[in-house]
Every structure is written in structure tokens, then in C-alpha cells.
Amino acid sequence: LIMGLGLKGKAQYTVGTEERMITMNDVIIINDNQVMDNYMISPDFEGIALIISNEFFNESIKGVDDISSLFIFSRTHPVFNLNEDEAQLIVWYYDMLKMKVNEQGNHFRTEIVRSLFKTMIYDISNIIYKLAQISEKKRTRGEVIFNEFIKLVETNFRNERRVGWYAKQICISPKYLSETIST
């Protein structure tokens, strides 16, 4: 997982076949199994980024409430803009995480970093929650189905593994659900 924040200038890149542009206070989220290509940055570009292993990410987010909203939003909005205060909050987390990661003599370094990261995820999720409320009115039928499916999986994955069951809960055919979530 890569999470970044543009601080100055602009950059562009391609993920899959979609071109993305990053400017000041834009957050980028690149999930596992996405290929980033064709990047170009302006001479004055500055930014920060966290590259997080799947293992650390999964361990850190255990117990985070409504993590599906972060996953869904990052899938549909891999680049989104923050206001100045929100961007400064992310920079603060980045600086604190960097300081703690480099604190070799701290016996609790890993736990502190994990806790800071988890707290940052909550703050980012809160920002995303606000942004999602605004963009919710513009969602396609496929996005609505995908969101409903993810929420159902989040609460029922221990008991239900059949696509047909999930499709029935959403009132669509299993084939349509499979086609919708695979795009």
C-alpha cells in the first residue's frame, strides 16, 4: 500500500490504464496489485509517501471500525484533495511516524508506530467519511452494489462464502454481482 501527499508542484502517473494528476494537498492511495507507470513530475514537485507492507497494514487495522468505507473510497477516488488543516495533519503524522521508525533504542517502537498509524487511519477515514457524504449523490449503480457487497462481506464473511447468498441480499443475480464487483 502506498499513501502519499502532494506538497508542491504537480505529478502525474498511470495506474492500470487511468491517468492521475496530483497537485498540492492531494492524497494518493495505491493499493496492492496495482501497477503504477508513466510518471512525470514537475521540477518543483515535493511530496511525502508511506509505503506499508500488507502484513503491517492488516495487523494495524485490526479492529478499526468501518474500514470498508476507506477501502471503497480509495478504490473509487485514488486521488482526493484535502484542505490545508487536513493536509497539515497528515504531514504531522508522517513526521511522527518517521521519527518513531528511526528511534532504534525504543523497546516499544513497533507498537508505537502501529498505534500512530492506526490513529492516522482513523483521521483519514473521518476525512473520507465527510468527502463520501458529498460524493454519495453522484454514485453509479455499480458503485452502490459494490458498497453494499463490501458491507455485507464485512459482517458475514465468517458464515457466508457463496456469491449467490450475497446477491440475494442485494436483490440481484449472482452473475450480475460477479460482473459488477470484478470491474
Side-chain angles (χ1 to χ4, degrees), residues 1-13 15-16 20-37 39 41-42 44-136 146-147 150-158:
L1 175 72
I2 299 173
M3 293 173 54
L5 175 68
L7 301 175
K8 185 176 151 186
K10 66 180 183 177
Q12 64 186 79
Y13 64 97
V15 173
R20 304 283 182 206
M21 175 74 73
I22 306 163
T23 58
M24 186 172 149
N25 296 340
D26 281 348
V27 170
I28 64 168
I29 299 175
I30 302 172
N31 294 306
D32 189 27
N33 297 328
Q34 291 184 313
V35 177
M36 189 171 153
D37 198 13
Y39 67 90
I41 59 173
S42 66
D44 63 337
F45 180 77
E46 292 180 18
I48 57 174
L50 296 171
I51 301 173
I52 302 120
S53 72
N54 284 333
E55 182 181 329
F56 183 83
F57 180 77
N58 291 333
E59 185 65 32
S60 298
I61 64 166
K62 280 184 182 174
V64 172
D65 294 335
D66 204 16
I67 194 67
S68 64
S69 64
L70 177 63
F71 172 73
I72 292 167
F73 189 86
S74 70
R75 181 179 178 263
T76 57
H77 300 85
V79 176
F80 57 94
N81 191 265
L82 304 178
N83 67 38
E84 191 61 37
D85 289 339
E86 294 165 340
Q88 285 305 311
L89 179 63
I90 301 305
V91 170
W92 181 85
Y93 277 115
Y94 174 83
D95 290 341
M96 285 296 295
L97 285 165
K98 185 176 177 182
M99 183 177 75
K100 290 300 176 181
V101 164
N102 291 329
E103 205 173 75
Q104 298 291 323
N106 189 329
H107 179 71
F108 300 102
R109 178 177 70 149
T110 303
E111 290 78 12
I112 292 169
V113 169
R114 187 173 287 123
S115 295
L116 273 170
F117 181 71
K118 187 173 187 176
T119 305
M120 182 181 76
I121 292 296
Y122 273 118
D123 271 336
I124 290 172
S125 293
N126 184 54
I127 293 166
I128 286 173
Y129 178 77
K130 291 175 191 174
L131 292 172
Q133 297 302 311
I134 295 167
S135 67
E136 194 164 307
F146 182 79
N147 291 350
I150 292 297
K151 287 178 182 176
L152 282 169
V153 169
E154 192 174 55
T155 56
N156 298 290
F157 72 94
R158 291 186 197 331

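Quick note: residue numbers are just sequence positions, from 1.
Between Asn58 atom CG and Ile52 atom CD1 the span is 11.0 Å, to the nearest 0.5 Å. In this structure, Ile51 CD1 and Leu1 CG are separated by 10.0 Å, a value rounded to the nearest 0.5 Å. Here CD1 of Ile29 is found 5.5 Å from CE of Met3. Values are rounded to the nearest 0.5 Å. Rounded to the nearest 0.5 Å, atoms CG (Asn126) and CD (Glu86) are 8.5 Å apart. With rounding to the nearest 0.5 Å, the separation of CD1 in Ile124 from CG in Leu131 is 11.5 Å. Between the CD atom of Glu46 and the CG atom of Asp44 there is a distance of 8.0 Å, given to the nearest 0.5 Å.
Looking at Arg20, its side chain never comes within 3.5 Å of a backbone N or O of Gln12 through a donor-acceptor pair. Ser42 contributes no side-chain N or O that, together with a main-chain N or O of Gly9, makes up a donor-acceptor pair within less than 3.5 Å. Here the side chain of Glu59 pairs no donor or acceptor atom with the backbone of Phe56 at under 3.5 angstrom.
The list of side-chain hydrogen bond (donor to acceptor under 3.5 Å, both in side chains) pairs with a residue in residues 91-100, not counting sequence neighbours, reads Tyr93-Asp123, Lys100-Glu103.
Side chain to side chain, Asn81 and Asn25 fail the donor-acceptor criterion of an N or O pair below 3.5 Å.
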Test side-chain contact (heavy atoms from CB on, under 4.5 Å) on Phe157 and Leu152 and set out the steps. CA-CA 8 Å; Phe157 72 94; Leu152 282 169; over 6 Å; no
Show your reasoning for whether side-chain contact (heavy atoms from CB on, under 4.5 Å) applies to Asp26 and Phe80. CA-CA 5 Å; Asp26 281 348; Phe80 57 94; over 6 Å; no
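When all heavy atoms are compared, the tightest approach of Ile41 to Ala11 is CG2-CB, 3.5 Å.
Side-chain contact between Val79 and Val27 is absent, with no heavy-atom pair separated by less than 4.5 Å. Contact annotation: the side chain of Ile28 never approaches that of Leu5 to less than 4.5 Å [non-hydrogen atoms, C-beta and beyond]. Between Ile2 and Leu50, the closest side-chain pair of non-hydrogen atoms is not below 4.5 Å.
Within 6.0 Å of OH on Tyr39 lie no more than 12 heavy atoms contributed by other residues, nucleotides or ligands.
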Could you give the side-chain donor-acceptor pairs of residues 110-120 under 3.5 Å, partners two or more places apart or in another chain?
from, atom 1, to, atom 2, distance (Å)
Ser115, OG, Glu111, O, 3.0
Lys118, NZ, Lys62, O, 3.0
Thr119, OG1, Ser115, O, 2.8

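Shown here are the side-chain contact (heavy atoms from CB on, under 4.5 Å) partners of Met36, two or more places apart in sequence or in another chain: Tyr13, Ile30.
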